[in-house]
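Side-chain atoms are counted along with the backbone in the values below, which use heavy atoms only and exclude waters and symmetry mates. Keep in mind the model is a prediction, meaning the values are calculated, not measured. In each ligand, atom 1 is the first atom listed, and ligand 1 is the first ligand listed.
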Amino acid sequence: MTTLAQYLKAQKTDSAVSDVITTVTEVGKTISQLLRKGALADILGEAGNQNVQGEEQKKLDVLANDLLLDALAQNKHCAGVASEELDDATPANADGNLLVLFDPLDGSSNIDINMAVGTIFSILPYQRQGQTSENSDFLQAGNAQLAAGYLLYGTSTMLALTVVDNVVMFSLDPDSNDYILVKDNVQIDADTSEYAINSSNYRYWRAPMQQYIDELVAGDTGVRGRDFNMRWVAAMVGDVHRILCRGGLFTYPFDTKYPNKAGKLRLMYEANPMSLLIERAGGSATDATHRILDIAPTDIHQRVPVVLGSKNEVDYVKDLHLKHDNK
Ligand code: AFP
């Protein structure tokens with residue numbers, strides 16, 4: 001049995017990166033416990049409401065955000081923290097050499113229906129050691145990430161992580177409260193017959209995405225010549241986990257539902273860390289035409305269309321878009 005601490009040591013992980021991963025995953029244990037208590041912990045409901053004792057209630061995504069922020073601010077290696085929940089990044093220890101970004105509870109609308117949610121994190125190098133970090137320090141392409149991962153709070157709590165060149169998974173053992181390695185060198189098949197998309201947005205998609213989904217729905221009666229299956233967790237962390245476990249394609253494509261947003265998902269808190277995991281597991285991650293990890297960010301909260309998963313299927317979507325755009 002290999003624990004997370006033993007794994008990080010065996011991989012000779014940079015000690016600062018290892019320490020930050022430990023901080024995030026320790027907070028993950030607390031978030032996992034709070035989720036298990038559910039309504040009993042008085043944590044459900046909207047932030048700002050009062051609980052039965054008349055105390056101020058904190059919604060769990062706010063609580064998760066605060067727990068991560070507080071713990072990381074105390075980590076001496078962490079020069080700054082950016083959260084999907086906060087407008088601006090928070091400077092931490094100027095002497096630190098790392099920046100940490102997180103989505104504290106991805107899929108938070110799933111909490112109220114007792115479904116899977118997760119914490120996604122990304123670690124970047126900090127270039128201006130000794131000076132106070134600013135939002136602009138975080139504007140690095142995803143390929144600069146030193147490590148990335150997520151905690152999935154599902155029927156069990158799992159950690160997916162990449163620190164070197166492969167992806168590993170740990171399961172949180174409720175008895176020992178340790179993360180135990182359960183999958184080494186996770187690999188995604190290049191081909192798949194499973195996809196994930198919120199089809200209710202069909203009328204807002206671009207023509208090549210509509211064509212792609214039409215082809216999948218037509219199954220063995222259409223040009224693909226075989227049937228496809230659809231799954232949607234409504235938490236990216238759950239859909240990506242399924243893809244790392246058994247392949248598939250996940251997309252939240254460009255749509256015109258909200259014309260000022262390029263897509264729903266955030267580049268720095270969702271798309272970049274998930275893309276690093278997916279690529280290191282042999283899959284692909286694009287915005288439909290370009291590699292996500294190459295995108296130079298201009299805003300810490302920018303949104304991006306996402307098409308990721310089994311390589312051949314992601315390439316198929318890319319070809320449809322390129323053919324359409326070059327017409
Ligand atoms: P929330 O964190 O606001 O619940 O959003 C989750 C998410 O950003 C992503 O994790 C899901 O894939 C996607 O939204 C689900 O979107 P739909 O509401 O369109 O199903």
Side-chain angles (χ1 to χ4, degrees), residues 28 31 34-35 38 43-47 58-68 82-87 101-122 148-154 158 160 194-206 209-210 213 230-245 248-278 283 285-288 292 299-309 314 317:
I31 297 172
L34 289 169
L35 282 161
I43 50 178
L44 299 180
E46 293 301 319
K58 269 193 178 177
K59 207 179 175 207
L60 196 51
D61 48 2
V62 178
L63 207 52
N65 178 71
D66 294 352
L67 288 168
L68 283 163
S83 163
E84 199 208 46
E85 296 284 325
L86 302 172
D87 288 346
L101 303 95
F102 60 80
D103 179 352
L105 268 189
D106 176 62
S108 52
S109 57
N110 273 1
I111 299 170
D112 296 340
I113 54 167
N114 210 12
M115 293 291 147
V117 290
T119 298
I120 310 172
F121 61 94
S122 159
Y150 63 76
L151 285 145
L152 172 66
Y153 313 107
M158 291 202 71
E194 198 161 69
Y195 68 102
I197 192 166
N198 181 348
S199 303
S200 68
N201 294 321
Y202 181 94
R203 70 187 184 283
Y204 301 110
W205 299 335
R206 299 191 61 219
M209 187 52 76
Q210 289 177 331
I213 297 302
M230 211 291 287
R231 286 286 182 271
W232 187 247
V233 179
M236 184 192 197
V237 71
D239 285 307
V240 168
H241 188 70
R242 186 186 59 253
I243 289 172
L244 287 174
C245 291
L249 178 134
F250 167 87
T251 178
Y252 214 108
F254 177 88
D255 67 46
T256 55
K257 195 171 182 181
Y258 304 105
N260 55 344
K261 294 178 184 171
K264 180 176 183 188
L265 302 178
R266 313 279 183 143
L267 175 64
M268 318 249 357
Y269 313 101
E270 293 167 319
N272 273 343
M274 294 312 203
S275 296
L276 193 70
L277 287 163
I278 291 288
T286 71
D287 66 358
I292 285 176
D299 185 297
I300 58 168
H301 291 301
Q302 85 189 63
R303 294 170 195 266
V304 66
V306 171
V307 183
L308 60 74
V314 175
V317 175

Tyr252 and Trp232 aromatic ring geometry - parallel, tilted or perpendicular at 30°/60° bounds: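 Ring orientation, 0 to 90° scale: tilted.
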Ligand 1 contact by Arg266, heavy-atom criterion under 4.0 angstrom: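 It does not, in that no heavy atom of Arg266 comes within the 4.0 Å cut-off of ligand 1.
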Region of Val237 that comes within reach of ligand 1 [heavy atoms, distance under 4.0 Å]: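 For Val237, there is no contact with ligand 1 at all, from either part.
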May I ask you to decide if [Y]'s main-chain N or O and [X]'s side chain share a donor-acceptor pair within less than 3.5 Å?
X: Thr119; Y: Leu105; answer: no
X: Asp103; Y: Glu84; answer: no
X: Asp106; Y: Gly118; answer: no

At what distance is the nearest protein heavy atom to [atom], and which residue and atom is it?
atom: atom 17 (P) of ligand 1; result: Asn198 ND2, 3.6 Å
atom: atom 3 (O) of ligand 1; result: Ser108 OG, 4.2 Å
atom: atom 19 (O) of ligand 1; result: Tyr252 OH, 2.5 Å

Heteroatom proximity flag, [X] to ligand 1, N/O under 3.5 Å:
X: Met236; answer: yes
X: Lys264; answer: yes
X: Trp232; answer: yes

Per-atom contacts of ligand 1 with [X], taking only distances under 4.0 Å to non-hydrogen atoms:
X: Gly107; result: 1 (P), 2 (O), 4 (O), 6 (C)
X: Leu265; result: 8 (O), 9 (C)
X: Glu270; result: 8 (O)
X: Ala235; result: 10 (O)

Check: Lys264 and Asp255 side chains under 4.5 Å, non-hydrogen atoms: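 SC-SC contact between Asp255 and Lys264 ruled out.
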His241 vs Tyr150 side-chain heavy atoms within contact, under 4.5 Å: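 Yes, side chains in contact.
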Ser122 and Asn272: CA distance, side-chain angles, deciding distance, side chain to side chain donor-acceptor pair (under 3.5 Å) verdict: CA-CA 8 Å; Ser122 159; Asn272 273 343; over 6 Å; no
Nearest atoms (heavy-atom pairs only) where Val237 meets Leu151: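 Heavy-atom minimum between the residues: CG2-O, 4.1 Å.
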